[in-house]
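So you know, we letter chains A, B, ... as the sequences are listed, proteins then strands, and number each from 1.
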There are 2 protein chains.
Amino acid sequence: MNVDQAMNKLKEEGYKHTDKRLDMLQLFSDESRYLAAKDVLEALHDKYNGLSFDTIYRNLSLFTELGILEATELDGEKKFRFSCSTDHHHHHLICLDCGKTKHIHECPMDHSPIYSEGFKVIGHKFEVYGYCEECGKLKEDIEKAKKTIPEN
Amino acid sequence: MNVDQAMNKLKEEGYKHTDKRLDMLQLFSDESRYLAAKDVLEALHDKYNGLSFDTIYRNLSLFTELGILEATELDGEKKFRFSCSTDHHHHHLICLDCGKTKHIHECPMDHSPIYSEGFKVIGHKFEVYGYCEECGKLKEDIEKAKKTIPEN
DNA sequence: CACTTGTATAAGAATCATTCCGATTTACTT
DNA sequence: AAGTAAATCGGAATGATTCTTATACAAGTG
């Protein structure tokens with residue numbers, strides 16, 4: 001799935017083409033990490049001066065309904081990323097600092113089918129949290145700096 | 001872990017015994033399912049007329065810090081349940097209606113250790129969602145009723 | 001190209017969960 | 001019983017998200 005395909009999908013489903021939608025999708029395509037509504041606002045703020053949260057939230061949920069974005073909830077915030085590919089189920093390692101992700105191709109539901117008497121399963125969530133290479137290094141540097149200047 | 005052990009833990013750590021804390025823990029012990037702050041307020045409202053959300057939230061996070069409760073985030077709400085047992089790592093099937101849970105003894109991190117170059121893993125979440133037997137039946141009944149009276 | 005119609009957007013109010021704050025009350029120590 | 005720090009109350013503040021109403025715009029039609 002790329003930006004053009006996503007815009008086509010919108011058209012197919014009877015939604016209109018707008019520059020804001022295009023730019024939102026372009027942003028998610030470029031970043032390929034989890035972004036919150038406020039990140040989107042920040043990124044598009046310069047180009048669209050009066051861009052409203054309502055527009056962002058409305059489009060984020062529209063894109064998610066259409067399978068263009070995938071959503072998760074992290075730290076009390078809804079976050080979204082470009083859908084990796086519609087054809088294969090997968091999970092993510094997620095960087096808690098920057099939202100960057102890496103694929104996990106295995107799904108826990110595959111090797112040990114979850115079953116419990118009377119319980120009707122309709123979905124699951126498997127996410128691994130941590131820090132990506134860059135953010136991890138940044139953290140180490142901060143620790144070092146703290147040791148050098150322990151007080152204040 | 002039971003209510004008495006939890007109250008002892010509080011005392012050990014230098015926190016005071018209060019009736020509200022006791023009753024909150026008793027509630028979680030009785031219910032053994034995920035509850036949100038407002039559920040706690042509702043349950044204790046009759047006994048403590050002016051019970052404030054601040055008290056509930058403060059104690060919920062205290063209990064969670066001490067490992068007495070475990071927390072998750074579902075549908076934009078923080079939810080808490082009595083910690084099943086401190087001695088073995090586990091996951092849950094969670095009923096999306098009533099918050100009731102069942103154990104999953106297997107952990108996806110066990111059979112396929114997640115590793116990705118440069119990514120520092122610090123935690124994970126694996127939850128299976130669905131409907132418990134009671135809530136599932138309730139849903140079916142509602143569906144049946146809708147078919148019987150399709151309009152209105 | 002101008003017109004029409006319904007969708008998209010802006011701006012700000014409203015809502016919901018959660019946290020903060022100052023004043024008061026309570027549990028525990030001596 | 002008095003002193004002290006912790007716990008609670010009540011309400012205000014915050015932050016994310018949704019709703020509402022009026023206006024702007026995209027896209028199909030003549």
Exercise. Can you check whether A:Cys132's main-chain N or O pairs, donor with acceptor, with A:Lys102's side chain at less than 3.5 Å?
Worked result: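 No.
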Problem set entry | Transitive ILVMFWY cluster of B:Leu74, excluding itself - 4.5 Å side-chain cut-off |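 The other cluster members (ILVMFWY side chains, heavy atoms under 4.5 Å, direct or chained) are A:Ile122, B:Tyr34, B:Ile94, B:Leu96, B:Tyr129, B:Tyr131.
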Kindly write out the residues that satisfy salt bridge (charged side-chain N to carboxylate O under 4.0 Å, His left out) with [X], not counting sequence neighbours, or none if the list is empty.
| X | result |
| --- | --- |
| A:Arg33 | A:Glu31 |
| B:Asp39 | none |
| B:Lys78 | none |

Exercise. Among pairs that include at least one residue of residues 2-17 of chain B, which meet side chain to side chain donor-acceptor pair (under 3.5 Å), considering only residues two or more places apart or in two chains?
Worked result: none
Can you list everything that forms a side chain to side chain donor-acceptor pair (under 3.5 Å) with [X]? Sequence neighbours excluded, please.
| X | value |
| --- | --- |
| B:Tyr48 | B:Asp23 |
| B:Thr18 | none |
| B:Glu143 | none |

Exercise. Between B:His105 and B:His88, what is the ring plane arrangement, given parallel below 30°, perpendicular above 60°, and tilted in between?
Worked result: parallel
For this session: Please state whether the rings of B:His90 and B:His103 are parallel, tilted or perpendicular, taking 30° and 60° as the class boundaries.
Result: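 Geometry flag for B:His103 against B:His90: parallel rings.
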For this session: For A:Lys20 and for B:Lys38, find the nucleotide of DNA chain C with the closest heavy atom, then tell me which residue's nucleotide is more 5'.
Result: A:Lys20
Seminar exercise, completed: side chain to side chain donor-acceptor pair (under 3.5 Å) with B:Thr101: of B:His91, B:Glu127, B:Arg81, B:Glu70, only one passes, and it is B:Arg81
Problem set entry | Start and end of chain A contact along DNA chain D [non-hydrogen atoms, under 4.0 Å] | D:dA16 to D:dA27
Exercise. So which of residues 43-62 of chain B are in contact with DNA chain D, with a heavy-atom cut-off of under 4.0 Å?
Worked result: B:Gly50, B:Leu51, B:Ser52, B:Asp54, B:Thr55, B:Arg58, B:Asn59
Problem set entry | Close residues, residues 9-19 of chain B, relative to DNA chain D [heavy-atom separation under 4.0 Å] |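 Going residue by residue through residues 9-19 of chain B, the ones with a heavy atom under 4.0 Å of DNA chain D turn out to be B:Tyr15, B:Lys16, B:Thr18.
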For this session: Name the first nucleotide and the last nucleotide along DNA chain C (5' to 3') that come under 4.0 Å of a heavy atom in chain B.
Result: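 Endpoints of the contacted stretch of DNA chain C: C:dA17 to C:dC28.
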